[in-house]
Amino acid sequence: MARTFIHPEGTVKPAVPLNHGVRKGNILQVAGQVAFNEQGEVVGTTVAEQTRQVLTNVKRVLEAGGASLEDVVMLRAYLTDVAHFAEFNEAYAEFLGGDFPARTTVYVGLPPGLLVEIDGLAVVD
């Protein structure tokens with residue numbers, strides 16, 4: 001079974017050695033997405049703004065790989081500051097609506113201007 005490399009149409013290819021996503025069989029791994037728009041520019045200065053953009057990017061990778069948010073079984077969120085946790089959760093809940101996938105949240109360093117990164121794992125029926 002071959003791997004399929006996912007790159008949503010109209011987006012800038014990552015400047016680092018990775019693909020936006022990789023699908024093998026019914027498993028789709030979404031690489032860590034940050035708050036870049038299609039032109040590679042950072043969107044937003046708040047955690048809420050960036051969280052919405054990051055989740056939009058995750059959704060675009062899923063769709064390019066033949067999946068949807070409903071197929072996601074796990075999201076991993078990376079925040080730069082523990083003080084952002086409540087604002088992140090609010091934007092996350094608004095975007096995803098109801099039935100949430102499993103999630104891990106950790107605190108890390110990200111490049112300047114970036115506050116949130118999220119990766120995910122989807123299983124496609």
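Computed from a prediction, not measured in an experiment: that's the story for all the values here. Numbering of residues begins at 1 and proceeds along the displayed sequence.
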Practice problem: Walk me through it: do Q33 and H20 pass the test side-chain contact (heavy atoms from CB on, under 4.5 Å)? | Solution: CA-CA 8 Å; Q33 301 295 302; H20 289 289; 3.7 Å; yes
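- Cluster annotation: V34 is not connected to L55 through the hydrophobic network of ILVMFWY side chains, with a link wherever side-chain heavy atoms come within less than 4.5 Å.
- A salt bridge is absent between R60 and E9; no separation between the charged side-chain nitrogens and carboxylate oxygens falls under 4.0 Å.
- The backbone N or O of T45 lies less than 3.5 Å from a partner atom in the side chain of E49, making a donor-acceptor pair.
- The shortest heavy-atom contact between R52 and A91 is NH1-CB, 4.0 Å.
- For T56 and Q53, the side-chain atoms include no donor-acceptor pair closer than 3.5 Å.
- Residues T105 and Y92 fail the side-chain proximity criterion, which asks for heavy atoms closer than 4.5 Å.
- Distance CG/N19 to NE2/H7: 9.0 Å, rounded to 0.5 Å.
- With hydrogens and angles disregarded, a donor-acceptor distance shorter than 3.5 Å links the side chain of Q29 to the backbone of G120.
- Nearest heavy-atom pair, G10 versus E38, reported as atom, atom and distance to 0.1 Å: O-CB, 3.3 Å.
- In this structure the side chain of L115 reaches within 4.5 angstrom of the side chain of V47, judged on heavy atoms.
- For the pair Y78 and V116, the minimum side-chain heavy-atom distance is 4.5 Å or more.
- Atom CG of residue D71 and atom CG of residue L28 lie 8.5 Å apart, to the nearest 0.5 angstrom.
- Put simply, NE2 on H84 and CG on N89 are 13.0 Å apart, with the number rounded to the nearest 0.5 Å.
- Side-chain contact between V12 and F36 is absent, with no heavy atoms from C-beta onward closer than 4.5 Å.
- Cluster membership check: L114 shares its hydrophobic cluster with V106, using side-chain heavy-atom separations under 4.5 Å among Ile, Leu, Val, Met, Phe, Trp and Tyr.
- From L79, atom CG reaches atom CG of L110 across 8.5 Å, with rounding to the nearest 0.5 Å.
- The CZ atom of F5 sits 11.5 Å away from the CG atom of L18 when rounded to the nearest 0.5 Å.
- Side chains of I27 and R23 form no contact here, defined as non-hydrogen atoms less than 4.5 Å apart.
- Residues V61 and P8 meet the side-chain proximity criterion, which asks for heavy atoms closer than 4.5 Å.
- The residue from L121, L96, L62 that alone fulfils the side-chain contact (heavy atoms from CB on, under 4.5 Å) condition with V72 is L62.
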Practice problem: Before giving the answer on side-chain contact (heavy atoms from CB on, under 4.5 Å), spell out for V30 and D119 the whole-Å C-alpha distance, their side-chain angles and the decisive distance to 0.1 Å. | Solution: CA-CA 5 Å; V30 177; D119 70 67; 5.5 Å; no
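- Taking all atoms of both residues into account, the shortest heavy-atom contact from A64 to I6 is CB-CG2, 3.6 Å.
- Going from atom CZ of F85 over to atom CD of E90 covers 13.0 Å, rounded to the nearest 0.5 Å.
- Following chains of ILVMFWY side-chain contacts shorter than 4.5 Å, one can reach V42 starting from V108, so the two form part of one hydrophobic cluster.
- The hydrophobic cluster containing V22 does not contain M1, counting ILVMFWY residues as joined when their side-chain heavy atoms lie under 4.5 angstrom apart, directly or transitively.
- Using a 4.5 Å heavy-atom threshold, the side chains of E87 and T51 count as separate.
- Looking at heavy atoms from C-beta onward, L75 lies out of side-chain contact with F100 at the 4.5 angstrom threshold.
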